[in-house]
Amino acid sequence: MQHFFHHFHSRILHNPFSLSTMSSSLTLPSFSPIFPNLSQRSLSVKTHNFPKSRVFATISTGSQSSIHEASLADYKVSNAFLFPGQGAQAVGMGKEAQNVPSAAVLYKKANEILGFDLLDVCINGPKEKLNSTVISQPALYVTSLAAVELLRAREGGEQIIDSVDVTCGLSLGEYTALAFAGAFSFEDGLKLVKLRGEAMQDASDAVKSAMVSVVGLDSEKVQQLCDAANQEVPESEKVQIANYLCPGNYAVSGGLKGIEAVEAKAKSFKARMTVRLAVAGAFHTSFMEPAVSRLEAALLSTDIRTPRIPVISNVNAQPHTDPDTIKKILARQVTSPVQWETTVKTLLSKGLKKGYELGPGKVIAGIVKRMDKGTEIENIGA
C-alpha cells in the first residue's frame, strides 16, 4: 500500500482513497464528514465537567434536560487517542493483531456480526473490495480497536491507555473513539458502523454526487469557490465544504455538476490543485439525508452510556456526555461537515503533550504535524 503522507507540491497531505481523476498513485487524506445542520436548540445536552477522577455529574430539570455542553475550558489534555476514518484502510491490516489473543478475538466477533470473513478481506483484499464503504468502515473500526489491544499487550501499554484523558476520531473514527471510551460495547458499535456504511452507500447510489479535495486555499476562499460554483448549478447539485481537515486542505461535497464547477473554477481562485476523491458519494452533506433515519432508529435501540473520558464530536468539536445527545449527534454526523481542524486546534490549545494514532496509516499524524511540528504523535497499527 502506498504511504498516506508523502511530499507532493510542498508537502500536501494525501489520502488513502484511490483517486478517480489522476493517473498517478497519489491519494488524499480520508474525508469522513460531519455537518452542522445541528442547531443547539435541537439538542438536549447535559453539562459536565471532566474531572481527572473521571466521575461525571448529570443534572436534569424535570423531563427536559437543560443544555449542558462541557465547555472547552473545562478539561485539559495531556495524552489523546486519535482514530482514523475511511480512506486509511490498506490491504494487510489486521495481520499483526493475530499475534495478540485479545486483538484476534475482535475479528472473530466481527465475523459473526457481519456475516463474512472481515479478517480475510483486511489481510488479502482485494483492495477494491476493502475500499468499499460497506467494508472499509467496519474494517477500520475493528482494526483500530485491535491496535488498542496490541498497545495494551506491550510493556507499559496499560499505563499509556490509563493516561489517555481525551479521545476523538475522524468521521467513522468517532465511533471507534466512543467504543474506546466505553460509551457502547464493541459489538453494539460494530452493528452501528455496519449499518452506517450500508446506509451511506445506499444514499450515494440514489443520486449522482461526489467529493473533491481543494488544496492550497484557506477555508474562506474555498467557501467563496463553493458559492461561485453554486451560482451555476441547480439547487439539487449544490456543493458545500464537507471536511475542514487542516489549513490548505478542505474537502467539498455535492452534486456531480456542482463538483465539476468547483474543479473548473478552482484555478481562478488560485487553488494549487483539486483532487477528486474515489468515494461513494457526497459524504457529510444533505445528500446523506436518507441515511439519517436509519441511523436514528438503530441508535434509539442502542445502549449508550456516558463516556469515561471526553470524546470530541466531529459536528461541533466539543465533547458530549449525555447519551441522548450523543445519539442525536451521531445521526446528524453523516450530513454535517467534519470539524477536524478545530478539533486538532482545540487539543493543541488544551495542552496536548502526546497523541497516539491507533489503526492503519498516518493521515492523522500528518495533519497534527502540519498544524504543530513539535507535537509528538506515535502510530500504533495492527
Side-chain angles (χ1 to χ4, degrees), residues 1 3-5 16 30 50 52 54 76-90 92-110 118-119 122-123 136-187 189-190 193 307-312 319 343-344 347 350-369 375-382:
M1 113 170 195
H3 268 313
F4 297 140
F5 190 70
S30 100
F50 292 95
K52 200 62 184 166
R54 294 176 183 165
K76 295 288 179 223
V77 179
S78 180
N79 297 324
F81 271 12
L82 311 164
F83 294 99
Q86 194 180 340
Q89 70 276 356
M93 70 186 200
K95 198 168 187 178
E96 205 184 330
Q98 303 317 298
N99 301 321
V100 175
S102 61
V105 75
L106 297 180
Y107 290 90
K108 291 190 176 73
K109 288 180 181 177
L118 179 68
L119 181 63
C122 285
I123 292 178
S136 62
Q137 294 198 22
L140 283 162
Y141 173 85
V142 175
T143 303
S144 292
L145 289 171
V148 175
E149 295 308 311
L150 259 72
L151 174 60
R152 195 189 305 277
R154 88 181 194 197
E155 193 177 345
E158 193 74 63
Q159 289 90 325
I160 291 171
I161 291 168
D162 288 343
S163 76
V164 173
D165 39 27
V166 68
T167 183
C168 55
L170 185 58
S171 191
L172 170 274
E174 186 169 343
Y175 285 77
T176 321
L178 284 162
F180 169 72
F184 41 66
S185 68
F186 167 81
E187 292 84 353
L190 182 55
V193 165
R308 61 185 173 79
I309 56 173
V311 179
I312 310 297
T343 296
V344 174
L347 293 176
K350 292 286 164 196
L352 176 66
K353 290 186 177 64
K354 184 165 183 180
Y356 297 83
E357 180 174 5
L358 294 108
K362 297 185 177 179
V363 170
I364 290 174
I367 292 167
V368 176
K369 287 288 187 186
T375 301
E376 189 181 354
I377 300 281
E378 184 177 342
N379 289 89
I380 297 162

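Heads up: numbering here begins at 1 and tracks the sequence.
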*Testing Leu178, Thr167, Val166 for side-chain contact (heavy atoms from CB on, under 4.5 Å) with Pro307, which one passes?*
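Per the side-chain contact (heavy atoms from CB on, under 4.5 Å) rule, the option paired with Pro307 is Leu178, out of Leu178, Thr167, Val166.
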[atom1] of [X] to [atom2] of [Y]: how many Å apart, nearest 0.5 Å?
X: Lys109; Y: Leu190; atom1: NZ; atom2: CG; value: 11.0 Å
X: Leu145; Y: Phe186; atom1: CG; atom2: CZ; value: 6.5 Å
X: Ser78; Y: Lys354; atom1: OG; atom2: NZ; value: 11.0 Å
X: Gln159; Y: Leu151; atom1: CD; atom2: CG; value: 10.0 Å
X: Asn379; Y: Lys362; atom1: CG; atom2: NZ; value: 5.0 Å
X: Leu118; Y: Leu106; atom1: CG; atom2: CG; value: 10.5 Å

Would you say that [X] contacts [Y] through its side chain, given a criterion of any heavy-atom pair below 4.5 Å between the two side chains?
X: Val368; Y: Glu357; value: no
X: Leu82; Y: Ile377; value: yes
X: Thr176; Y: Leu358; value: no

*For Val77, does its backbone N or O pair with a side-chain atom of Asp165 as donor and acceptor, under 3.5 Å?*
no
*Backbone of Phe180 reached by a side-chain donor or acceptor of Arg308 within 3.5 Å*: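 Yes; judged by distance alone, with no hydrogens or angles, the pair exists.
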*Should Tyr175 and Tyr141 be marked as a ring-ring contact (aromatic ring centres under 6.0 Å, His included) after you check the CA-CA gap, both sets of side-chain angles, and the distance that decides it?*
CA-CA 7 Å; Tyr175 285 77; Tyr141 173 85; 7.8 Å; no
*Full working for side chain to side chain contact (heavy atoms under 4.5 Å, CB included) between Leu172 and Phe83*: CA-CA 9 Å; Leu172 170 274; Phe83 294 99; over 6 Å; no
Please find the pair of heavy atoms, one from [X] and one from [Y], that lie closest to each other, and give the distance.
X: Tyr107; Y: Ala97; value: CE1-CB, 3.8 Å
X: Gly94; Y: Leu119; value: O-CD1, 3.8 Å
X: Pro319; Y: Pro310; value: CB-CB, 3.9 Å
X: Ala103; Y: Ala146; value: CB-O, 3.7 Å
X: Ala382; Y: Leu150; value: CA-CD2, 4.0 Å
X: Gln86; Y: Gln137; value: OE1-NE2, 3.1 Å

